[in-house]
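In what follows, a single structure is set out as structure tokens and then discussed.
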Amino acid sequence: MATGPPRPPGGRAHTDDSRAQTTLDFAIGVSLFLSVMLFVFAFVPGILQPFELSGEQDTVLSERIASDLSQGTLGDPSEPYVLETHCTVAFFDEGSPSPSRCDYEGSTIQERLTVEDHRNVNVSLRGTLSGADADLLCWDATSQRIVERGSGDCNPDAGDDDRLLTGGETPPQSNDATVSSRRVVGIQQTNVTMRVVVW
Amino acid sequence: MSDRRGGVDERGQGHTLEAVAAAFLLVASVSFALQMTAVTPLSASTSSQHLENQLRYTGAGVMASVEERGGLSRAIRYWDESDARFHDAPDGGYYTADPPDNAFGRALNRTLDERNIAYNVHLVYERSSGDRAQKRLLYRGEPSDHAVRASRTVTIMDRDPLIDADGTENGTLTVSNASTYFLPDADTGGPVHNVVRVEVVAWRI
Amino acid sequence: MTERGTSTALSYVLTLSIATLLVSGLLFAGSTFVEDSREQVIRQELQVIGEHLASNVEQVDRYAGAPETVHEASLEQTFPSRVTGTTYDAILRENGGDPTLTLRATDPAVTVEIGLGSDVPITGETFADGGTIATSCEVSGGTCDRIVIENV
Amino acid sequence: MADLRPRDERGQILLIAAFTLAVIFVALALVINSAIFTENLASQGEVAGSSEALTYQDQVRQSVAEAMAYANRYDESSLGASVDTIGGQSSSQQARGGRVIDVSLVSTTDGTRIADNASGGSAFRSSGGLSDWNLADGVERTRNVVVTTRHSDLPTSGTPFRLRANETGTPTNVWTMSVWEDSDDVVVRVNTADGDVSECRVAVAGAGTFQIDVTDGVIAGERCHALTRDGTAGTPMWFATGIPSGSTYDIEIANGDAIGGNYSMVVSPRGSWNATTLTTGSATGTPYRTDAIYEATVDYAFRTSQVTYETEIEVTPGEAP
């Protein structure tokens, strides 16, 4: 075996350039580590994203509001899901003070539902009273009866205090972060659907 | 051949090995984290449970508002004595496609069919022997596993009249003297004919 | 001595410092990130639990309002006793006619407040820790004078 | 310069970095877990059965009302047995659902049922044939006032049929309901004791009989706001509004000849019926009175593993608030 250059024990002849770890090894090592690091940093936010919690309590809030309105505030707790006409119509009359006899206070929907003022809520009554498809309902003051918006006798802006039975801001169509709860309730001898949207 | 002074060269591969070990540790920790969290395909969408809660309230709301005017009790007594079945129900004796033409049927149609929710209606009552029996009022097929049940009990008294097709009370026939009426007298001694539980099983199609 | 002389020491110090800097930076960034998301999750969880508790209080209020005479009305629900690792408690207080429900987490001090209707009969202040919380009526003479929350 | 430690002692920084990252990810996993639990908690509905306590109480109230109607019409002593049967069957039905229901009759308040249900209907005259006459004096409470009539039996606007409740001792304090027909519409006008007037007009199709439920404010299935809410301030009103709650009132019919059909009501206390104008047996054609149960008090209990609800409900079917 040809002997290479003599290897003195502990001799200084080990210059650093003979480290046997070529720059290539180092390059592989670090690049591998960096690539894994990049992968992890790219991947982790991905798994976190669906759990970026925002507005989780809206689901429970809309259920609470819907149950409270349909089983107590707009009617009588001893007769759940049946609304009393006068208080229901007055509930949607924003701006004027609540009638003392009814089970809510304040003049805006937020105050009447005891939620913070910045909270976006919309409450509306829909139903199919005549014809085939459901429509927003309206209080016709002349006949003291609840009618569909499409029927002739509902003219909310005609001065006689007809009124559309919807309160709060209009829910955004595109925004998907809204939560809505529905209850079927009875009013004036018929069934309508109360819809509460929170976003 | 190790070198007493920890020569620099043998550790060469050590660095890459170290990087590999680090990388492995990193990937292992991420996968462990994933295993630990109950990440399921559905875990981000909680809407299905929310919708089921709505269905339960819908069923209860329909029956509560119909029964306020006695509509549920009349729907149970909406019986055709001569045909021995509910008024103009198909041969099976229970409604299938369109609901009965009374307040309860119209309410179901208005609120449930409108939002393409399929539903079955069963009447659960007690026989005089005390065991429980069930009769279909309306049947639309096997409910899916997300089906939700809402129920309401209605008391029928011995002399309650049957209801004719147009909704008016029958002058002579009552639940007791009608021969083909399905509801037995569970309390033969007393005035109560039967306590019927109306069950609406609804599911989204 | 290698030809590069002091450069080895310099490169040595350099790599060491950069590396420690990198690691400490990483550690710091990582822990603040974890802390922030933990606090956000705690706040959300307290709000969800608060809303559930508020709907229980309103349900008991309806129980009290329905019949002419009430003998007993209570409703209990089991909530997680710890929220992302910290314990929390709930306080139902009269707050001068505008009753509120306040939930406080201990470790990162997070507080959540939920308003209730002013017609809900709540007087003084009642308190319950996380876990199974019972909402009930203190009944006297057939009417529900006060709705309280307590641990079961 | 001394030979420093060779470069290879760099201290495995990469490993430490990886280790710290690993710790961070595990902590993050904990946070994600509770985030997922929060969403799960958010989508939970209300406590199981908590809203059913009230809906079931409503069902018990209506079942007992059915039993009372039966008792008042056929056999007054049967109410106790009916309530026990209702309670027994309800609890066996609900036990399947994990709910414990307990219904028991506590007490009843006596009353009198005044009715004229001659078959085919007749004029609202007293047993002595008077058109204007008094039905009852010193009445404290009235419920389930129902008039059954037909278009052909209704007076025109000339002299409408009037049902009055005037305060005992001060007849000027009177609540009056006038009913007449105006071109196929049934018109009901109410003058309350405190001077408010409101009117409702309901178009009733067909020539068959229909019901005017005075205490419920429903005419042939249509709500008549005049009977349940006065026009101006919108405050609710009902049979005998305006008569101070402390004092009693007398019930009178005016112009009974003008209307045909049947009527019935239940008044309390039991002795307030007028002996001269009402017979005791239900002879056809003449108004009669029978003993009746005005109100039943029922103990109701609803228990599940998480809900406890015990109350005492007063069942007075058809009594305005």
Side-chain angles (χ1 to χ4, degrees), chain C residues 1-2 5-6 8-9 11-12 15-16 18-20 22-24 26-27 29-31 33-35 37-38 40-42 44-49 51-52 55-56 59-60 62-80 82-85 132 134-136 139 142, chain D residues 1-7 9-14 16-21 23-28 30-51 53-54 57-58 61 297-314:
Chain C
M1 271 302 291
T2 59
T6 58
T8 352
S11 76
Y12 174 69
T15 48
L16 200 60
I18 291 171
T20 43
L22 171 82
V23 168
S24 58
L26 201 68
L27 199 63
S31 58
F33 176 72
V34 169
E35 269 323 307
S37 61
R38 180 162 173 249
Q40 189 210 354
V41 168
I42 288 174
Q44 281 295 313
E45 201 154 0
L46 284 186
Q47 261 166 354
V48 167
I49 292 173
E51 292 290 347
H52 273 302
S55 67
N56 287 354
Q59 180 72 54
V60 172
R62 287 198 292 273
Y63 283 170
E68 293 66 23
T69 355
V70 183
H71 295 315
E72 190 186 346
S74 87
L75 180 64
E76 88 190 28
Q77 185 166 5
T78 307
F79 295 107
R82 301 169 75 88
V83 163
T84 334
T132 307
T135 316
S136 54
V139 177
Chain D
M1 246 250 337
D3 177 8
L4 294 176
R5 298 296 300 157
R7 264 167 327 290
E9 302 305 334
R10 200 179 46 255
Q12 284 80 18
I13 290 299
L14 279 185
I16 297 171
F19 181 72
T20 49
L21 272 181
V23 166
I24 287 171
F25 286 138
V26 169
L28 223 53
L30 279 178
V31 172
I32 295 177
N33 240 346
S34 48
I36 291 171
F37 180 71
T38 310
E39 285 195 30
N40 174 296
L41 194 60
S43 64
Q44 275 173 9
E46 47 153 46
V47 171
S50 65
S51 68
L54 283 178
Q57 178 182 261
D58 189 25
R61 190 190 295 267
T297 307
V298 171
D299 256 347
Y300 164 73
F302 178 93
R303 272 182 224 91
T304 70
S305 58
Q306 291 167 309
V307 176
T308 312
Y309 186 43
E310 282 164 34
T311 66
E312 205 177 273
I313 47 179
E314 283 153 14

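Numbers restart at 1 for each chain; the letters A, B, ... are given by sequence-line order, proteins then strands. On a predicted model such as this, the values are computed, not experimentally measured, just so you know.
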Greatest number of heavy atom pairs closer than 4.5 Å to chain D - which of S136(C), P80(C), G142(C): P80(C)
Between R38(C), H52(C), Q47(C), the one whose heavy-atom pairs under 4.5 Å with chain D are most numerous: H52(C)
Smallest separation among heavy atoms of T84(C) and V31(D), with atom names: CG2-CA, 4.4 Å
Part of S55(C) lying under 4.5 Å from any heavy atom of chain D: neither
Contact origin within D299(D) toward chain C - heavy atom pairs under 4.5 Å: side chain
CZ (F19(D)) with more than 12 external heavy atoms under 6.0 Å: no
Rounded distance (nearest 0.5 Å) linking atom CG of L26(C) with atom CD1 of I16(D): 12.0 Å
Candidate list L28(D), L30(D), V23(D), test side-chain contact (heavy atoms from CB on, under 4.5 Å), partner V34(C), passing option: L28(D)
Reported NE2-to-CD distance for the pair H71(C) and E312(D), which is rounded to 0.5 angstrom: 4.5 Å
Leading residue by heavy atom contact count with chain C [cutoff under 4.5 Å; candidates A301(D), A48(D), S34(D)]: S34(D)
Nearest atoms (heavy-atom pairs only) where S31(C) meets I24(D): N-CD1, 4.4 Å
Part of Q59(C) within contact of chain D (heavy atom distance under 4.5 Å): side chain
Under 4.5 Å from any heavy atom of chain C - which part of Q57(D): side chain
T297(D) side chain reached by E68(C) side chain, heavy atoms, under 4.5 Å: no
Point-to-point distance, once rounded to the nearest 0.5 Å, from OG1 of T38(D) to CD of Q40(C): 10.0 Å
Test item: Y63(C) side-chain N/O and S50(D) main-chain N/O as donor-acceptor pair under 3.5 Å: yes
